[in-house]
Each structure stands twice: as C-alpha cells, then as structure tokens.
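Numbers restart at 1 for each chain; the letters A, B, ... are given by sequence-line order, proteins then strands.
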Amino acid sequence: MGSGQSTPKVTAHDRAILDLKLQRDKLKQYQKKIQVVLDREHEIAKVHLATGQKDRAVIALRRRKYQQSLLLKTDSQLENLEQLVSTIEFSLVELSVLHGLKQGNEVLQEIHREMSIESVEKLMDETQEAREYQREIGDLLANRLTHEEEDAVQAELLALQGEALGQAEPEVRLDLPSAPRSLPLVSEEVQQAPLEAKRERVPVPSS
Amino acid sequence: MALSTHTTPSGFLLPSIHSAPPFFTEQPNQTTHAHLTEQWTRLILTYARHKRLFVLRVEDAEAPGSDWDEILRNERINRRILPSYLSSLMAAMVAKNIAVYEPAKQTRAVLLYWRLPEEWADVLHSWATATGQLNTILTFYEISDPPIPSPLSGIPIPLLRRAITILSRSNRAQIIGVADGEGVRFFVG
C-alpha cells in the first residue's frame, strides 16, 4: 500500500453506494429464500392432498399465496433500489463530464490568453516587415550587377534560345528520307509474268 | 483386463487408469504411490474445472450422492476411494499449493485451486474490464452470484477475497468496507 500512484480515496459517496448495493443484495437473497419457501409449500400441499388432508393442503396454499405477495412487494422495492443506484451512478458520470468540460474550458482559456489579438497582429506585422526587408535585400543584390553584365546575360540568353531553335530544325530534316528522283526500276520478269496470266483470263488489249 | 477411457453422464472423459482397481487404493510402493498421487491430483483438478467445483471434502468419499461421485467411485469395477486415502491426497495437494484447507485449522475440506489465486485475479480483472465495471463499486455477492452466468459464478468468497487482495497489491482494485459488508472497486491498472 502507498506505493506508486495511490488508489483514489474512499469517499462518503462510495460508502453510500456500497450500502445501497448491499441492501439490494440482501433483497435478492431474501427473494431467493422466498422462492424456496414457495416451492416447499407447493410440495407440502401436494403431499397433503395425496394423503387426503384437504384442509391442510389449503392452509399450505394460503401460506404460499402470502409469500407470493411478499415476493411481489420485494420486487417493487428492489426496483426502487436499483433505480436509485443507477441514478446515483449516472449523476456521478455527469459530474465527471462536468469536470472534464471545466478542465477543457480552462485549457482553452489558457491557450487564448497566449494567443491575444494584439500579439497576433504584432506577429503578422513583424512577418510583413521581415518579408519587406527580405525583398529589399534581394533588390540590393540584384542591383549589384552592372549594365554591361546585364547585357551579357541577355546576350547569353538569346544565344541559348537561338541554339535551341537552330538545333531542333536540322534534326527534323535529317530524319526525313529523301524523295526518289528517278522512276522505280522493276525487273521485266517480275512485271511480265503476272501480266501474261491476266491476259489469258481477260483478253483486253492493254495500252 | 483392457483399460479404456469412459465418458461420464456429465460429459467428463475419465482416463483409462480410472478403470484400474489399484488406482483406488493407497499403494505401498513409494514410486507407484507418488505416480498415483500425481494422477489423482490431475484428475481431481480437471474434474473440478469441468464441473466448476471449488470444495472437496473427505465426506465426499464417505457417502455416495456428492458432486464427486463420478470420479471418487467407479461402479463398473466396483471400486471407490477410501476416505483415508482421499484425506492423504488432500494433504499432498495442500503441500503442493494447489489447494488450501478452507476454513483453516481443519483437514476435512479443501478449497481447490484449479486456477491459482493469481490466475483468478487476472480472470476477475478482465471480467470487470470486459463488462465495463471499472471504477464502479461492486459487492462480493454480485460478483460471485451474478444474474447472468459469468466466469466467476459460484466463486467462493475466500478465494474471491484472495484474488482481490492480489489485485489491490498492484493498485488494480480497492476494497471498501462498511459496517454491513464489503465491496470492491476495480481500476485500469
């Protein structure tokens, strides 16, 4: 005991709940007992009836009826108790929800305190300033280049562009096959053989 | 004689040794005796687990009609264990810490540990977790006799108390006492 994080303290609440639950258990045990009595009276009535003692059987059944009414009464009491226990437990849950909400609210307020509008505005202003400062530096650095240097840069750019265009066109031309300048020469054997075959079937003079 | 296993009416499979007549008498030979004690303890514990029995009494061997008849007697070979033998078996089990005399200071009844109190503690805690009863106050009665059967139905209060004590040592449970009785609260741990 007492080592590590200790278990929560037993409060008066807890004792009250336990007391209620113990009461409930007692009622349940009582019901069990009544049930046994009910069964026993039933048996007794049966035995009496078997031996022909009808009046005794009636007495047993009457007792049984009384016990039955007791059982019904305890049922409603049990219901009350259980409802009370559930209500208490639910209220405890609500309490912890409330506690959670409260804590969440506190945290949110803490965060908001750190994040006041002025400080955000100030921060945004500072960011803006820093950005402008950065731009000025960039301008300064860019202005370091002399006019001649700037011209040279432009010339280089043009040269690069020209090179790109000049290289792209001849490459396309080179890839194309040159068109034939003479008529295609076909060997006579190849040309005549199919023609003769054709003539036999269709005897039309060709040009 | 051929020894065979036998299934009891309650669905428990008896080992073949249970139909050997010498099994039911205390053996003079040390080795045999030790072996049979071993067999008996295993049989008693598995049967107890099968039928969820927690208490074994010497009386169970004295008269028929107890929950233990299926293993303490074998009508097929007309044998039964003698109370004196059962008593010595119980002593052996207590010595091996798989049973305790309950109540203490007598040797007629034992509480069987077919689950050790540490194992019961685990069962208890996982049951409380699975049924969402952490941080709720529970009475011993509602744990040992719940309206719907649970793995803990019928657990004897002394055993339950032992398991809870083990849990409370690791801050996973807390015993709450009032004038009328006791309750317990489980934590995530």
Side-chain angles (χ1 to χ4, degrees), chain A residues 1-39 71-72 74-101 103, chain B residues 52 117-118 121-122 124-150 152-189:
Chain A
M1 286 281 142
S3 63
Q5 85 266 41
S6 56
T7 47
K9 255 188 164 175
V10 180
T11 59
H13 278 167
D14 299 341
R15 290 221 175 78
I17 292 173
L18 181 60
D19 258 334
L20 275 178
K21 288 197 169 179
L22 287 170
Q23 288 303 322
R24 181 200 60 191
D25 288 352
K26 271 185 198 154
L27 263 183
K28 277 189 182 164
Q29 279 158 329
Y30 182 65
Q31 283 194 327
K32 235 180 222 176
K33 190 187 108 191
I34 288 185
Q35 195 58 53
V36 171
V37 171
L38 280 180
D39 296 345
L71 194 60
L72 279 178
T74 49
D75 261 340
S76 64
Q77 282 173 356
L78 199 61
E79 205 186 310
N80 275 339
L81 264 179
E82 297 214 314
Q83 251 176 26
L84 192 58
V85 170
S86 318
T87 314
I88 290 176
E89 280 182 342
F90 186 65
S91 310
L92 282 178
V93 170
E94 282 180 326
L95 199 69
S96 72
V97 168
L98 189 72
H99 189 67
L101 283 176
Q103 270 189 331
Chain B
R52 296 189 65 82
E118 291 79 15
D122 270 350
L124 188 60
H125 194 262
S126 43
W127 168 79
T129 314
T131 51
Q133 311 211 63
L134 295 177
N135 295 317
T136 321
I137 296 166
L138 298 166
T139 57
F140 286 7
Y141 176 76
E142 72 182 312
I143 295 174
S144 68
D145 198 355
I148 326 160
S150 83
L152 297 148
S153 304
I155 183 173
I157 299 297
L159 183 53
L160 181 60
R161 194 190 301 278
R162 235 159 271 173
I164 292 173
T165 314
I166 288 166
L167 285 177
S168 69
R169 253 180 246 143
S170 55
N171 279 338
R172 287 190 291 168
Q174 174 186 42
I175 293 182
I176 302 164
V178 288
D180 245 2
E182 279 175 304
V184 61
R185 179 156 54 174
F186 296 104
F187 305 106
V188 180

Checking heavy atoms, do the side chain of A:Ile17, its backbone, both or neither come under 4.5 Å from chain B?
side chain

If I measure from the heavy atoms of chain A, does B:Gln174 come under 4.5 Å with its side chain, its backbone, both, or neither?
side chain

Under 4.5 Å from any heavy atom of chain B - which part of A:Gln23:
side chain

Separation of B:Asn135 CG from A:Asp14 CG (nearest 0.5 Å):
10.0 Å

Side chain, backbone, both or neither: which part of A:Lys32 has a non-hydrogen atom closer than 4.5 Å to chain B?
side chain

Proximal component of B:Phe187, with respect to chain A [non-hydrogen, under 4.5 Å]:
side chain

Hey, which residues of residues 176-185 of chain B are touching chain A, say heavy atoms under 4.5 Å apart?
B:Ile176, B:Gly177, B:Val178, B:Asp180, B:Gly181, B:Glu182, B:Gly183, B:Arg185

Could you go through A:Arg24 and B:Thr139, starting from their C-alpha distance and side-chain angles, then the distance that decides it, and tell me whether this counts as side-chain contact (heavy atoms from CB on, under 4.5 Å)?
CA-CA 10 Å; A:Arg24 181 200 60 191; B:Thr139 57; 4.0 Å; yes

